[in-house]
Asker: 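The structure under discussion is supplied below as structure tokens; questions concerning it will follow.
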Amino acid sequence: MADTLAQWRSLGPRADLWVFGYASLVWRPEFEAAEQRIARVHGFHRCLHMYSRVNRGTPERPGLVFALMPGGSCTGMALRLPHEKVEASMPALWAREMPNPVYDPKWLLCQTAKGPVRALAFTLSPRSPNHTGPLSDERYREIFQHARGRYGTTLDYARQTLEGLRAHGIEDRALARILKLADDL
């Protein structure tokens with residue numbers, strides 16, 4: 001967190017902090033954004049390819065959470081945290097996104113209707129031990145049916161993310177397809 005704050009400070013003496021939300025930060029940011037913009041990031045995509053052994057699953061029956069991984073593009077939300085609130089808000093944001101050093105925080109260029117912004121994004125390396133790799137439809141069904149952690153099920157989380165994206169006019173066809181696998185459960 002200290003390195004990320006130092007990088008933010010290097011942006012200028014009154015710089016606001018933009019955060020790129022691609023999953024739960026879209027529908028439950030847990031901080032009051034002074035501004036929200038639909039944003040597109042090139043070079044990364046949203047995928048349900050990260051094991052969750054606490055929040056959406058257990059060590060015995062891992063669930064899944066979303067990751068922002070290299071390749072493609074992703075539409076999400078750029079959330080602006082005003083300069084004067086960054087120092088006080090960063091510990092809670094960091095605790096939420098980085099309770100374990102799983103994600104790689106990166107500064108990504110987000111294209112918005114009002115122009116580009118550089119935003120902090122929490123990405124996942126394909127080399128991470130938490131990366132699932134490709135999953136079969138049957139594996140998704142199994143996880144949707146059984147995975148539950150301290151914040152609920154993987155299925156509820158995926159559905160909330162799809163609904164949150166749609167509430168902002170963002171369609172994720174890959175996620176909608178994966179969620180159709182749960183219709184028979």
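Bear in mind that the values here come from a model prediction, so they are computed numbers and not experimental data. Excluded from the calculations below are hydrogen atoms, water molecules and symmetry mates; all remaining heavy atoms, backbone and side chain alike, are included.
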Asker: For atom CZ of Arg150, decide whether the heavy atoms of other residues, nucleotides or ligands shown that lie under 6.0 angstrom number more than 12.
Answerer: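 More than 12 within 6.0 Å, yes.
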
Asker: Nearest 0.5 Å, please: how far is SG in Cys74 from CG in Leu165?
Answerer: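 Going from CG on Leu165 over to SG on Cys74, the span is 8.0 Å.
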
Asker: Compare every heavy atom of Pro62 with every heavy atom of Ala147, then report the nearest pair and how far apart it is.
Answerer: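 So the two residues come closest at CB-O, 3.8 Å.
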
Asker: To check you understand the geometry: which heavy-atom pair defines the closest contact between Thr161 and Ser24, and what is its length?
Answerer: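 In terms of heavy atoms, the two residues are closest at OG1-N, 4.3 Å.
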
Asker: Taking the side chain as everything from C-beta on, heavy atoms only, tell me whether Tyr140 gets closer than 4.5 Å to Leu64.
Answerer: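 Yes, close enough: below the 4.5 Å cut-off.
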
Asker: Starting from Leu17, can I reach Met1 by hopping between I/L/V/M/F/W/Y residues whose side chains sit under 4.5 Å apart?
Answerer: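 Linked, Met1 and Leu17 end up in one cluster.
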
Asker: Quick one: do the Thr154 and Arg56 side chains pair a donor with an acceptor below 3.5 Å?
Answerer: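 Checked: Thr154/Arg56 side chains show no N/O donor-acceptor pair below 3.5 Å.
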
Asker: Going only through I, L, V, M, F, W and Y residues with side-chain contacts under 4.5 Å, is there a path from Val19 to Tyr103?
Answerer: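 Yes, one cluster joins them.
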
Asker: Would you find a donor on one side and an acceptor on the other, under 3.5 Å apart, between the side chain of Trp8 and the backbone of Ala15?
Answerer: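 Pair found, side chain donor or acceptor close to backbone of Ala15.
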
Asker: With a 4.5 Å cut-off on side-chain heavy atoms, are Val26 and Gln160 touching?
Answerer: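 The answer is no, as the side chains (C-beta and beyond) never meet within the 4.5 Å cut-off.
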
Asker: Where do Leu25 and Leu93 land on the side-chain contact (heavy atoms from CB on, under 4.5 Å) test, with the steps shown first?
Answerer: CA-CA 10 Å; Leu25 281 171; Leu93 175 64; 4.2 Å; yes

Asker: So if you build clusters from Ile, Leu, Val, Met, Phe, Trp, Tyr with side-chain heavy-atom gaps below 4.5 Å, do Leu135 and Phe144 land together?
Answerer: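 As far as the 4.5 Å side-chain criterion goes, Phe144 and Leu135 are connected within one cluster.
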
Asker: Using ring pair (Phe, Tyr, Trp, His ring centres under 6.0 Å) as the criterion, list what pairs up with Phe122, not counting sequence neighbours.
Answerer: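 In terms of ring pair (Phe, Tyr, Trp, His ring centres under 6.0 Å), with neighbours along the sequence ignored, Phe122 is linked to Trp94.
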
Asker: For a 4.5 angstrom cut-off between non-hydrogen side-chain atoms, does Thr4 reach Leu120?
Answerer: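 A side-chain contact under 4.5 Å exists here.
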
Asker: State plainly whether one hydrophobic cluster holds both Trp18 and Leu81, where clusters connect Ile, Leu, Val, Met, Phe, Trp and Tyr through side-chain heavy atoms under 4.5 angstrom apart.
Answerer: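 No, because Trp18 and Leu81 fall into different hydrophobic clusters, even though each may have its own neighbours under 4.5 Å.
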
Asker: Mind checking the CG-CG spacing from Leu175 to Leu162? Nearest 0.5 Å is all I need.
Answerer: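 Going from CG on Leu175 over to CG on Leu162, the span is 4.5 Å.
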
Asker: For the pair His131 (side chain) and Pro126 (backbone), establish whether a donor and an acceptor sit closer than 3.5 Å, ignoring hydrogens and angles.
Answerer: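 Answer holds: yes.
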
Asker: Looking at Glu35 and Arg37, is any side-chain nitrogen of the basic one under 4.0 Å from a carboxylate oxygen of the acidic one?
Answerer: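 Yes, Arg37 and Glu35 are salt-bridged.
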
Asker: Could you state the interatomic distance from OG1 (Thr75) to NE2 (His168), rounded to the nearest 0.5 Å?
Answerer: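 Thr75 atom OG1 to His168 atom NE2 measures 12.5 Å (nearest 0.5 Å).
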
Asker: I need the Ser89 OG to Phe31 CZ distance, nearest 0.5 Å.
Answerer: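 Going from the OG atom of Ser89 to the CZ atom of Phe31 covers 7.5 Å.
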
Asker: Between Arg53 and Glu60, does any side-chain N to carboxylate O distance fall below 4.0 Å?
Answerer: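 Looking at Glu60 together with Arg53, the answer is no, because their closest N to O distance does not fall below 4.0 Å.
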
Asker: Is the backbone of Ala67 close enough, under 3.5 Å, to the side chain of His45 for a donor and an acceptor to pair up by distance?
Answerer: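 Not a single qualifying donor-acceptor pair exists.
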
Asker: When you measure from the side chain of Ser128 to the backbone N and O of Leu124, does any donor-acceptor pair fall under 3.5 Å?
Answerer: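 Not a single qualifying donor-acceptor pair exists.
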
Asker: Quick one: are Gln7 and Trp107 in side-chain contact, heavy atoms under 4.5 Å?
Answerer: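 Yes, at least one pair of side-chain atoms sits under 4.5 Å.
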
Asker: Give a yes or no on whether Ile38 and Phe20 share a hydrophobic cluster (residues Ile, Leu, Val, Met, Phe, Trp, Tyr; joining criterion: side-chain heavy atoms under 4.5 Å apart).
Answerer: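 Ile38 and Phe20: one cluster.
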
Asker: Between Arg141 and Asp183, does any NZ, NE, NH1 or NH2 come within less than 4.0 Å of an OD or OE carboxylate oxygen?
Answerer: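 So Asp183 does not pair with Arg141 through a salt bridge.
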
Asker: Is it the case that the side chain of Ser52 and the backbone of Val65 share a donor-acceptor pair, with hydrogens and angles ignored and the cut-off at 3.5 Å?
Answerer: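 Between the backbone of Val65 and the side chain of Ser52 there is no qualifying donor-acceptor contact (under 3.5 Å).
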
Asker: Could you go step by step and tell me if Leu5 and Glu87 meet the side-chain contact (heavy atoms from CB on, under 4.5 Å) rule?
Answerer: CA-CA 8 Å; Leu5 279 171; Glu87 299 276 350; 4.3 Å; yes

Asker: If you look at every heavy atom in Leu155 and Ala182, which pair is closest and at what distance?
Answerer: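 Smallest interatomic distance, heavy atoms only, reads CD1-CB, 3.6 Å.
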
Asker: Restricting to ring pair (Phe, Tyr, Trp, His ring centres under 6.0 Å), what partner residues turn up for Trp27, sequence neighbours left out?
Answerer: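 Counting only residues at least two positions away or on another chain, Trp27 forms no ring pair (Phe, Tyr, Trp, His ring centres under 6.0 Å).
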
Asker: Ignoring hydrogens, what is the shortest heavy-atom contact between Ile170 and Gly76? Give both atom names and the distance.
Answerer: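 Nearest pair, atom of Ile170 first, then Gly76: CD1-O, 3.6 Å.
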
Asker: Can you find a pair of side-chain heavy atoms, one from Arg46 and one from Met69, that are under 4.5 Å apart?
Answerer: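 The answer is no, as the side chains (C-beta and beyond) never meet within the 4.5 Å cut-off.
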
Asker: Is there a side-chain contact between Arg118 and Leu108 (heavy atoms, below 4.5 Å)?
Answerer: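 With C-beta onward as the side chain, the pair stays apart.
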
Asker: Are any of the side-chain nitrogens in Arg80 or Glu32 under 4.0 Å away from the carboxylate oxygens of its partner?
Answerer: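 Salt bridge absent between Arg80 and Glu32.
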
Asker: Verify the distance criterion only: is there a donor paired with an acceptor across the side chains of Thr153 and Asp156 at less than 3.5 Å?
Answerer: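 On atom types as modelled, these side chains qualify, holding a pair under 3.5 Å.
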
Asker: With rounding to the nearest 0.5 angstrom, report the CD to CD1 distance, Glu138 to Ile143.
Answerer: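 If I round to the nearest 0.5 Å, the distance is 10.5 Å.
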
Asker: Say whether Thr58 and Arg148, considering side chains only, have a donor N or O and an acceptor N or O under 3.5 Å apart.
Answerer: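 No, no side-chain donor-acceptor pair sits under 3.5 Å.
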
Asker: How far apart are the closest heavy atoms of His42 and Ser73, and which atoms are they?
Answerer: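 That would be ND1-CB, 3.7 Å.
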
Asker: A side-chain contact here means heavy atoms from C-beta on lying under 4.5 Å apart; do Ile178 and Asp137 qualify?
Answerer: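 Sidechains of Asp137 and Ile178: no contact.
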
Asker: Evaluate the salt bridge (charged side-chain N to carboxylate O under 4.0 Å, His left out) criterion for residues Arg166 and Glu163: first the C-alpha distance (whole Å), next the side-chain angles of each, then the deciding distance (0.1 Å), finally the verdict.
Answerer: CA-CA 5 Å; Arg166 285 179 171 168; Glu163 290 167 10; over 6 Å; no

Asker: Rounded at 0.5 Å granularity, tell me how far CG in Asp16 sits from CG in Leu79.
Answerer: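 Going from the CG atom of Asp16 to the CG atom of Leu79 covers 12.5 Å.
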
Asker: Tell me, do Met98 and Pro105 make a side-chain contact under 4.5 Å, heavy atoms counted?
Answerer: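 With C-beta onward as the side chain, the pair touches.
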
Asker: Give the intermediate values and the outcome of salt bridge (charged side-chain N to carboxylate O under 4.0 Å, His left out) for residues Arg28 and Glu30.
Answerer: CA-CA 6 Å; Arg28 192 187 48 139; Glu30 295 182 5; 3.1 Å; yes

Asker: Is the side chain of Tyr157 donor-acceptor paired with the backbone N or O of Phe66 at a distance under 3.5 Å, no angle test?
Answerer: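 Side chain of Tyr157 to backbone of Phe66, a donor-acceptor pair under 3.5 Å: yes, one is there.
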
